[in-house]
2 protein chains.
Amino acid sequence: MAFEEEQKIFDSFVREKGLKHSAQRIDILLTFLKTEKHLTADELHTLVKKKNPAIGIATVYRTLKLLCESGLSSELRLGDGSVRYEHFYGHEHHDHLVCIKCGNFTEVLDTEIEKLQERLARKEGFTLQGHKLLMYGVCKKCKG
Amino acid sequence: MAFEEEQKIFDSFVREKGLKHSAQRIDILLTFLKTEKHLTADELHTLVKKKNPAIGIATVYRTLKLLCESGLSSELRLGDGSVRYEHFYGHEHHDHLVCIKCGNFTEVLDTEIEKLQERLARKEGFTLQGHKLLMYGVCKKCKG
DNA sequence: TTGATTATGATAGTGATTATCAAATTCAAA
DNA sequence: TTTGAATTTGATAATCACTATCATAATCAA
């Protein structure tokens, strides 16, 4: 079975928190990991039900929260108010280019931009802790 | 009465859309303009009710939508999922520094960052249409 | 095997926002 | 000024994403 690394991380996290193991959480974790897309809770629920039709949406939400706490996933709040979950383990900090036509995401990073943000914050007397940068546009494919 | 400019803009917008005038919308507009803060719909509703207690929350939402369409206001979606409305007329494009302690906003702009975003998008084959940058940190006051 | 604890699924509840609708208001035309 | 068609309003029902509740099931250390 793939994703040994991630499963190990999740296992340790569950153990440290004094939680118990469950087949449902493993199903959800593996479905999440195998899908390299930014899914909504509902989309993930639909996918997981193919493997285990009995899983309820509440368990999906509960597990997504654990995935975020354990560092395997991260919430992504889009400009339209929707929330998607992205892979976080093995993905350094990055920003997003979102295509307004097809909805696809591209992860990007520009260290110069990061530095300038630090400088800008310092100039205003802020101690920066983090940031979210979403860029919207039309991707290569959609421009035809 | 102040805010003649903004009122004129709103008037033209209402007229062009074939809508009618109403005292409630004026109350909401003026309360919004006089408060130089990033308000939620609910907070604005509370303020407007001091002037006109009968105004319903639905009318506040409806009017906020018109304010955004007319260019007087703009929605700001925060990292925690909440939505606030900011003044847009006379405020050029800007990004935000948000204090994670007191919640205050500072509007900032760095033309270098803007240029680098363009360059970054172009490198990925994107035609950039816009972006949202939220920076989180601790402000001068809160570091005390 | 047991039993204390946690997890689950169904579902009720929540909070923010939108839709519906009857009554009130606006405003151009008579 | 009156009229009447169109729009606006406030109350409230509905919706949507998410969380809380709770009885039952599953886990796991002793």
Side-chain angles (χ1 to χ4, degrees), chain A residues 7 10-32 38-70 73-85, chain B residues 7 10-32 38-70 73-85:
Chain A
Q7 288 205 60
F10 190 65
D11 263 29
S12 317
F13 176 78
V14 163
R15 198 158 305 153
E16 274 171 32
K17 271 208 123 187
L19 307 178
K20 295 179 178 178
H21 289 272
S22 86
Q24 288 93 329
R25 294 212 273 233
I26 299 302
D27 286 344
I28 293 168
L29 170 62
L30 291 178
T31 304
F32 170 76
H38 299 77
L39 297 170
T40 62
D42 207 60
E43 286 166 357
L44 181 56
H45 185 216
T46 301
L47 287 176
V48 174
K49 278 196 292 188
K50 289 183 186 167
K51 182 181 281 186
N52 179 344
I55 288 184
I57 185 72
T59 300
V60 173
Y61 276 108
R62 289 187 278 237
T63 304
L64 278 170
K65 186 171 284 182
L66 295 179
L67 294 186
C68 289
E69 289 174 26
S70 68
S73 179
S74 173
E75 266 188 20
L76 189 55
R77 281 173 194 274
L78 283 300
D80 64 355
S82 63
V83 177
R84 291 181 174 274
Y85 294 84
Chain B
Q7 287 205 61
F10 190 65
D11 264 30
S12 317
F13 176 77
V14 164
R15 199 159 303 153
E16 274 171 32
K17 271 208 123 187
L19 306 178
K20 296 179 175 176
H21 289 273
S22 86
Q24 289 92 329
R25 293 211 275 234
I26 299 301
D27 286 344
I28 293 167
L29 170 62
L30 291 179
T31 304
F32 170 75
H38 299 79
L39 297 170
T40 63
D42 206 61
E43 287 166 355
L44 180 56
H45 184 215
T46 301
L47 288 177
V48 175
K49 278 196 291 188
K50 289 183 187 168
K51 183 181 280 185
N52 179 344
I55 289 184
I57 184 71
T59 300
V60 172
Y61 275 108
R62 289 187 280 237
T63 303
L64 278 170
K65 186 171 282 181
L66 295 179
L67 294 186
C68 289
E69 289 175 26
S70 67
S73 179
S74 174
E75 264 188 23
L76 188 55
R77 283 173 193 273
L78 283 300
D80 64 355
S82 63
V83 178
R84 291 182 174 272
Y85 293 84

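Lettering of chains follows the sequences in order, A, B, ..., and the numbering in each one begins at 1.
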Check whether any side-chain heavy atom of B/Glu75 lies under 4.5 Å from a side-chain heavy atom of B/Tyr85, and answer yes or no. yes
Could you state the atom-to-atom distance from CZ of B/Arg84 to P of C/dG15 in whole Å? 17 Å
A/Gln24 CD to C/dT6 P, in whole Å, measures 17 Å
Within this structure, what is the CD1-to-P distance between A/Ile28 and C/dG9, rounded to whole angstrom? 8 Å
Euclidean distance, atom CD1 of residue B/Ile26 to atom C1' of C/dT26 [Å, nearest integer]: 13 Å
Consider the side chain of B/Arg25, meaning its heavy atoms from C-beta on, and name the nucleotide among C/dT18, D/dT9, D/dC18 that approaches it most closely. D/dT9
Give B/Arg62 one of three labels, base, sugar-phosphate or nothing, depending on what nucleic acid heavy atoms sit under 4.0 Å from its own. base
Nearest-0.5 Å distance, NE2 of residue A/His45 to CG of residue A/Leu47: 10.5 Å
To the closest 0.5 Å, what do you measure between CG (A/Leu78) and NE2 (A/His38)? 9.0 Å
Residues at least two apart in sequence or cross-chain that pass side chain to side chain contact (heavy atoms under 4.5 Å, CB included) with A/Glu43, listed by chain then number, are A/Leu39, A/Thr40, A/Arg84
For the pair made of CG in B/Leu78 and C1' in C/dG15, what is the distance, rounded to whole Å? 16 Å
N or O in side chain of A/Tyr61 less than 4.0 angstrom from D/dC18 OP1/OP2: yes
For DNA chain C, which residues in residues 15-23 of chain A have a heavy atom at a distance below 4.0 Å? A/Gly18, A/Leu19, A/Lys20, A/Ser22
For A/Leu66 and C/dT6, give me the distance from atom CG to atom P, rounded to whole Å. 14 Å
Min side-chain heavy-atom separation B/Ile26-B/Gln7 under 4.5 Å: yes
Distance only, no hydrogens: is a donor on one side chain within 3.5 Å (strictly under) of an acceptor on the other, for A/Arg15 and A/Ser12? no
Return the CG to CG distance between B/Leu64 and B/Leu44, rounded to the nearest 0.5 Å. 5.5 Å
Could you tell me the separation between the CG atom of A/Asp80 and the P atom of C/dA16, rounded to a whole number of Å? 19 Å
Roughly how many Å is it from CG in A/Asp27 to P in C/dA7, rounded to a whole number? 16 Å
Could you pick out which residue, B/Tyr85 or A/Val14, lies toward the 5' side of DNA chain C when each is mapped onto its nearest nucleotide? A/Val14
For a quick check of understanding: with a heavy-atom distance under 4.0 Å over all strands, which category does B/Ile57 fall into, base, sugar-phosphate or nothing? nothing
